[in-house]
Structures are given as structure tokens and as C-alpha cells.
Chemist: 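Can you keep this structure in mind? I'll have questions shortly.
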2 protein chains.
Amino acid sequence: MNAADTRQRILMTAMELFWEKGYLSTSVADILSRSQVHSGSLYHFFPGKQDVLVGVLELYRDGIDAMLLAPNWDGVDDPIDKVFALLAGYRTHLIVTDCTYGCPIGSLALEIHEPDPVVRELMAANFSNWSAAIAGCFEAAADRLPKDTDRKALGEFVLTVMEGAVMQARTYRDIGYFDRNIAVLRDYITILLATEKSANFA
Amino acid sequence: MNAADTRQRILMTAMELFWEKGYLSTSVADILSRSQVHSGSLYHFFPGKQDVLVGVLELYRDGIDAMLLAPNWDGVDDPIDKVFALLAGYRTHLIVTDCTYGCPIGSLALEIHEPDPVVRELMAANFSNWSAAIAGCFEAAADRLPKDTDRKALGEFVLTVMEGAVMQARTYRDIGYFDRNIAVLRDYITILLATEKSANFA
DNA sequence: TGCTTGGTTGAATGTTCAATCAACTCATCT
DNA sequence: AGATGAGTTGATTGAACATTCAACCAAGCA
């Protein structure tokens, strides 16, 4: 096994574990045993546990298109459909994990109360990429929305609804909470699409 | 100091610390030193650290009216105004803490990945009380909303938006993310209020 | 052949943690 | 007075923790 392999295996394993158990509840020993790497090797590549987290957040940031958007948007052309296709991806995740898992970035954001600036900015960058992708959908459908619609704010709002909906489904262990939240969001967006382009709700 | 005092001081201190640092990052020693209680006394009242968390969650659950709703709804009569008055209370919290703190229940919900059933159900009960209070506002304003509006789902949606908006403001350390999210929610509710009662968006 | 360099090994370190417990205090009751 | 028991004290325990380090290995090059 060469160096790139070891580093990569550490990051992939840490990504899994942080998602399953959270960052604080994942020990370096957990990462070592699951990845079959010895402590010295891990500390050869990463100064400390937090730097592994930084590496994982960079993987998420750089992989949003290939890992998240592309799989969910395969075969979906309409930009509004893309918004709900992405949300449906989160629904699938909840279903296959019996409503136990959630958005890894959102979990980290609430789990780490006093994050290092590097970590906090990487979490923010992940959020920004996510909501910018959604805002791009609304941009592509701008001619079907009220013309004063703030597409960027709407992208942030969809992120908000996803995070809140996942949080509730997870807490109640009941997908109904996710579905009802998304249904309300769909109602809102349907209203926007049905609104005369000249209407102004500001 | 009598027994009730000691128990109460432990719970109040733990409530503070869990809010400031989170549950996992708060050590029993932290609770002991800030509350000026000795370890034996804490373990006299609580079998373990998790039972302190249970006590704190019970305080939140039983105190939602006196601690959360009453202060924010003082002098506010209109039920729709109450919804946004409560959200304004969270905004104030963010402002006075420089966007570092968040909803204590939401943080716990994402921080503890495999919660004990007792803990999980208490978190769910807290969410239920919160969204039921908001749903009650929509119920009180039912005659101003489209008649097929699912008021319970709308209460859950407001909780979702609050949690997501707080999460983003906290992650970016920027109140703008909270404000824009609430503005979008306000837009939606304004539309609902402006809709003919006979309209049907189902 | 021997040197250098990047990577590996895993026992050891020092710290922090939740939890324990035997000894104590003191108000209340008989 | 003597007994009872709820409550307190704080040193102690053992596990878990992130991190270190000296020894080691192997590929590439002089």
C-alpha cells in the first residue's frame, strides 16, 4: 500500500465514522481500527484529530458535484424538479438508515460548539456550495418565478428546510416529519410558480 | 443548603453548560466546579451524567410556557404576530451571543447520535411542545388562512425554519442568514393570509 | 554497498473522564 | 440520649483518550 492509499483510507474511514457517530464520539482509535492503519501512520499524515476532520470537510466540499448532485440529478432536467430530487435523496438516506442518520455537515455544525476557524469556515463553505447549487436551479427557472424573487435566499431556505426536516425525522424516528415539511415547502414553491411574473410580495 | 437546592443548582448549572458547550463536551467535573457541588452529592441525586441530561430536558419540557413563550408573547395578542415574536426571541439570543449559541434542543438532537430512548423521547417531546404552540397560533388564526391549511404541519415547518436558520447563522456567524430565512417564511405566510379562504393548494 | 527519505509499527505517556465509596454531618424521631 | 437516614465530602479508581517516539522497513540513488 502506498502513501496515497493510506491517507485516503484514513479519510474515507473518518468520513464514515463521523457520519455514523459524530466527530466527538469518534475516537482516533476507532479510525485506526476500522481503517487498519497504525497510529504512527495517521500522525504521519495528520498533525491531529482535528486535521482529519479538516480533510473530511475538504472531501465533502470538493465532492459535492460528483458525490451528491450528479447521482441525484441523473436524468432530471427541469431545475425545479432538481430541487426536489435532491431532497428525495435525503429522504432515501433516512429510509435506508431507519431515520437514524442525518446531514453530516449539519450534525457537525451543531455538535462542535466552539469550532476552530478553519473548521467553521469549511462547514460554511459546504453550506454555501449546497445552497448555491439550489439557487442555481431557481436561477435557471427565474422566468417562471416572480421576477423579484431572491433566488439566493430561496436556496438558503431550501437548505434550512432540509436540515430542519432531517433533524425532526431523526429525532422522532419518523419519516412523516420529513415528508410534511417538504410538502409545505413544495406548496410554497408551487405558489411562487403559479404567481404572475409581475406580482410583487416584497 | 437543603436537598432541593443542591439538585436544583446541579440542573441549572448543567442547563447552562449543555447550552454553552454541548452535552458531550461538558464533563461532570465542569458541572461540579461551576455549581460548587461535590461529586458524591451529584451522584446521590443522579445515577449518572445522562440522568442529569434527562433532568435538564424535563426542565425545558415543563418550562416552555414560563421560560420561553410567556416572555416572548408578553403584550402580543395577534396569533400570527406571536409566531414571529417567538422567532424574534431567537434572533435576540443570536445577537447577544454574537451568533455563537443555538437552540439547546436542536443542538442536543444532532449531537447525540445514538440517544437512549428516554433522552430521544424527551427531545421529541420538546419539539412537539414547541411546534404545537405555533400550531395553536395558526389554529387561532384559522379563519384567516386557506381553509384546507394543515395547521399542525405548518407548526412543524416553523420549527424547521427556526432550527435551520439558527444553524446557518451560527455556522456563518452572521445574523443575515437568520434574517433572510425568516423573511422567506414571512413571505410564505403572508401569501397564505392573502389567499382567498376558499383557495385550495393541496 | 551504504545513505537518504518517506512511510510504518505499536508500546508507552500523561491526561481527562465518569463513577465509586468509606467516612462523615446533622436534623429528626423514638 | 440514642438511633436513623438523608445528604455531603473528596480522594480514589480504572477506563478511554489523543498523542508521541524510538525503532524499523523498503525503495531509489550515489
Side-chain angles (χ1 to χ4, degrees), chain A residues 1-57 107-108 111-119 122, chain B residues 1-58 107-108 111-120 122:
Chain A
M1 160 181 47
N2 64 35
D5 282 348
T6 302
R7 212 191 111 96
Q8 200 69 6
R9 182 144 83 260
I10 291 167
L11 286 177
M12 288 303 186
T13 306
M15 186 184 275
E16 276 177 26
L17 284 165
F18 293 164
W19 188 51
E20 290 173 21
K21 319 178 38 162
Y23 173 68
L24 294 171
S25 299
T26 298
S27 69
V28 174
D30 289 335
I31 301 172
L32 297 176
S33 70
R34 186 180 289 188
S35 63
Q36 301 275 51
V37 164
H38 297 275
S39 66
S41 295
L42 187 147
Y43 284 96
H44 174 75
F45 291 105
F46 302 96
K49 184 187 177 187
Q50 182 183 281
D51 303 274
V52 177
L53 173 61
V54 167
V56 167
L57 287 170
S107 297
L108 288 169
E111 177 182 11
I112 304 172
H113 279 242
E114 282 172 355
D116 190 276
V118 177
V119 170
L122 274 167
Chain B
M1 160 182 47
N2 64 36
D5 281 348
T6 303
R7 213 191 108 95
Q8 201 69 6
R9 183 145 80 259
I10 291 167
L11 286 176
M12 289 303 188
T13 306
M15 187 183 276
E16 277 176 26
L17 284 165
F18 293 164
W19 188 51
E20 291 172 20
K21 319 178 40 162
Y23 173 68
L24 294 171
S25 300
T26 298
S27 69
V28 174
D30 289 335
I31 301 171
L32 298 176
S33 70
R34 187 181 289 190
S35 63
Q36 300 276 50
V37 165
H38 297 274
S39 65
S41 296
L42 186 147
Y43 285 98
H44 174 76
F45 291 104
F46 302 96
K49 183 188 177 187
Q50 182 183 282
D51 303 273
V52 177
L53 173 61
V54 167
V56 166
L57 287 170
E58 286 170 344
S107 297
L108 288 170
E111 177 181 13
I112 304 173
H113 280 242
E114 283 172 354
D116 190 275
V118 177
V119 170
R120 196 185 56 71
L122 273 167

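As the structure is a prediction and not an experimental result, all values here were calculated from the model. We name chains A, B, ... by the order of the sequence lines, and we start the count at 1 in each one.
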Chemist: Within this structure, what is the CD1-to-P distance between A/Ile10 and D/dT19, rounded to whole angstrom?
Modeler: 13 Å

Chemist: Separation of A/Lys49 atom NZ from D/dA16 atom P, in whole Å?
Modeler: 15 Å

Chemist: Starting at atom CZ of A/Phe45, determine the distance to atom P of C/dT9, rounded to an integer number of angstrom.
Modeler: 11 Å

Chemist: Rounded to the nearest 0.5 Å, how far does CG of B/Leu24 lie from OG of B/Ser107?
Modeler: 11.5 Å

Chemist: Test your reading of the model: is there a side-chain donor-acceptor pair from B/Arg34 to the backbone of B/Thr13, 3.5 Å cut-off?
Modeler: no

Chemist: Counting N and O atoms only, with roles assigned by atom type, does the side chain of B/Lys21 sit under 3.5 Å from a partner on the main chain of A/Glu114, one being a donor and the other an acceptor?
Modeler: no

Chemist: Which whole-number value in Å describes the distance from A/Leu42 CG to D/dC17 C1'?
Modeler: 14 Å

Chemist: Is B/His44 close enough to D/dG7 that one of its side-chain N or O atoms is under 4.0 Å from OP1 or OP2 there?
Modeler: yes

Chemist: Reckon A/His38 has a side-chain N or O less than 4.0 Å from the OP1 or OP2 of C/dT8?
Modeler: no

Chemist: Quick one: pull up CD in B/Glu20 and CG in B/Asp30 and give me the separation to the nearest 0.5 Å.
Modeler: 10.0 Å

Chemist: Ignoring hydrogens and angles, answer whether the base of C/dA11 and the side-chain atoms of A/Ser39 contain a donor-acceptor pair closer than 3.5 Å.
Modeler: yes

Chemist: So which one's nearest nucleotide on DNA chain D is more toward 5', B/Gly40 or A/Leu32?
Modeler: B/Gly40

Chemist: Taking only side-chain nitrogens and oxygens of A/Tyr43, does any of them come within less than 4.0 Å of OP1 or OP2 of D/dT19?
Modeler: yes

Chemist: Expressed in angstrom and rounded to an integer, what is the separation of A/Leu24 atom CG from D/dA16 atom P?
Modeler: 18 Å

Chemist: Expressed as a whole number of angstroms, how long is the span from A/Asp51:CG to D/dA18:P?
Modeler: 14 Å

Chemist: Using a heavy-atom cut-off of under 4.0 Å over every strand shown, decide if A/Ser25 touches base, sugar-phosphate, or nothing.
Modeler: nothing

Chemist: If you take atom types as modelled and just measure distance, does the side chain of B/Thr6 reach the base of D/dA6 with a donor-acceptor pair under 3.5 Å?
Modeler: no

Chemist: Measuring from the side chain of B/Ser41 (C-beta onward, heavy atoms only), which nucleotide among C/dT9, D/dA18, D/dT9 has the closest atom?
Modeler: D/dT9

Chemist: For A/Ser27, answer base if it contacts any base atom (sugar-phosphate contacts may also be present), sugar-phosphate if it contacts only those atoms, and nothing otherwise; contact means non-hydrogen atoms under 4.0 Å.
Modeler: sugar-phosphate

Chemist: Just the rounded figure in Å: distance from C1' of D/dT8 to CZ of B/Phe46.
Modeler: 15 Å

Chemist: What is the distance from CD of A/Gln8 to P of C/dG7, rounded to the nearest Å?
Modeler: 14 Å

Chemist: First locate atom CE of A/Met12, then atom CG of A/Leu17, and finally report the distance between them rounded to the nearest 0.5 Å.
Modeler: 13.5 Å

